[in-house]
There are 2 protein chains.
Amino acid sequence: MTTNDDTLTIQQVAETIGLSVHTLRYYERIGLIHPINRAANTHRRYTQDDVGWLDFLNKLRATGMSIRQMQAYAQLQRQGDATLPERIEMLKVHRRDVEAHMDVLREFLKLIHYKIDYYEGLLAEAESEAVLEGS
Amino acid sequence: MTTNDDTLTIQQVAETIGLSVHTLRYYERIGLIHPINRAANTHRRYTQDDVGWLDFLNKLRATGMSIRQMQAYAQLQRQGDATLPERIEMLKVHRRDVEAHMDVLREFLKLIHYKIDYYEGLLAEAESEAVLEGS
DNA sequence: ACTTGACTTAGAGTGTACTCTAAGTTGTAG
DNA sequence: CTACAACTTAGAGTACACTCTAAGTCAAGT
């Protein structure tokens, strides 16, 4: 397999960005990415730009954006610079969502901290009683 | 509907903790919570303890714990104090997961910050050009 | 010539977590 | 007496995001 230029096979892309080859084809099918250019043998050849875009999609997913939202964003992206304001707005909305989610996580971490402390307190108590019984 | 004591109907619980009545029954069915005590008319009556536990379950879900994990935790809980060490361990593992997730979110927020700045820069540029053309 | 392995497609299947439906019971209000 | 709302059950249905299968093409290595 001589991939002489700077393009990558689907397998290579899957490895570099951590999505399965199935998922990469799926994302193309549902319009999250434009139809990938093909080599003479019909195999997909991903450019660095393609990889960058997929990497960004992956980050949107990892931060909780739905496929539907990403489809909307991808469509705007394909429509060019005229949609920049809308895309900025989407990103800002998503940022607010992520920040809200982080607040929830922070609250939870505080709770869990107290809970673990409390449980470890109970545990230490039980142990010291066991020691007393053993004496 | 006279709920004179300090117990709550399924509807009231749903409202106070933000889970649907369907989900509350579902959680009971799959063992996330013990079988709820019934009033004379077979209707469920939730105690404050039940509500507290459901609230905690809800927080575990909201922070990404799977139903399967919660089932395991609930089972340990029902087995009493002997399982305290295991439960502490589960909570610590989950805390690590949540912290790791927060790291991902923080990284994303940084990226999105730069991206929005960049896009708004493009936008400002385009606008100033439009002004020049207009003169 | 033949095997191997990476790729291709359309479409079916899976896992998770709900979410809803249908049919029935019960208690209160008009 | 009747209507209505809230509840009950078992089990079916849904949404989401993949994930896999089957059948086939193609290029390289032995």
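Throughout, protein chains are lettered first and strands after them, A, B, ... in sequence-line order, and every chain is numbered starting at 1. Atoms considered below: every heavy atom in the structure, side chains included; atoms not considered: hydrogens, waters and symmetry mates.
Thr42(A) and Arg38(A) form no side-chain donor-acceptor contact under 3.5 Å, judged by distance and modelled atom types alone.
dA10(C) atom P lies 15 Å from atom CD1 of Ile30(A), rounded to whole Å. Straight-line distance from the CZ atom of Arg38(B) to the C1' atom of dG27(C): 17 Å, rounded to whole Å. What separates CD of Glu15(A) from P of dC7(C) is a distance of 9 Å, to the nearest Å. Distance CZ (Arg68(B)) to P (dT16(C)): 5 Å, rounded to an integer number of Å. One atom, CZ of Arg45(B), and another, C1' of dG27(C), lie 11 Å apart when rounded to the nearest Å. Between Gln11(B) atom CD and dC4(D) atom P there is a gap of 19 Å when expressed in whole angstrom units. In this structure, Gln71(A) places its CD atom 13 Å from C1' of dA15(D), rounding to the nearest Å. Atom CE in Met65(B) sits roughly 16 Å away from atom C1' in dA17(C) (whole-Å rounding).
Side chain of Thr23(A) to backbone of Leu19(A): no donor-acceptor contact under 3.5 angstrom is found. Judged by distance alone, with hydrogens and angles left aside, the side-chain atoms of Gln12(A) form a donor-acceptor pair with the main-chain N or O of Thr9(A) at under 3.5 Å. Of the possible polar contacts, one joining the Arg78(B) side chain to the Gly31(B) backbone as a donor-acceptor pair under 3.5 Å is found.
Along DNA chain D, the nucleotide closest to Met70(A) and the one closest to His43(A) are compared, and the more 5′ of them pairs with Met70(A).
Distances shown here put every side-chain N or O of Arg44(A) at or beyond 4.0 Å from the OP1 or OP2 atom of dC7(C). Put simply, Arg29(B) has no side-chain N or O that comes within less than 4.0 Å of OP1 or OP2 on dA10(D). Proximity of Thr9(B) to the phosphate of dC7(D): a side-chain N or O atom is located under 4.0 Å from OP1 or OP2.
A distance below 6.0 Å separates the ring centres of His94(A) and Phe108(B).
With sequence neighbours left out, the side chain to side chain contact (heavy atoms under 4.5 Å, CB included) criterion links Arg68(A) to Ser66(A), Gln71(A).
The stretch residues 18-28 of chain A touches DNA chain D through His22(A), Thr23(A), Tyr26(A), Tyr27(A), each having a heavy atom under 4.0 angstrom from the strand.
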For this session: Applying salt bridge (charged side-chain N to carboxylate O under 4.0 Å, His left out), run through Glu120(B) and Arg87(A) and close with a yes or a no.
Result: CA-CA 10 Å; Glu120(B) 288 190 330; Arg87(A) 279 183 278 152; over 6 Å; no
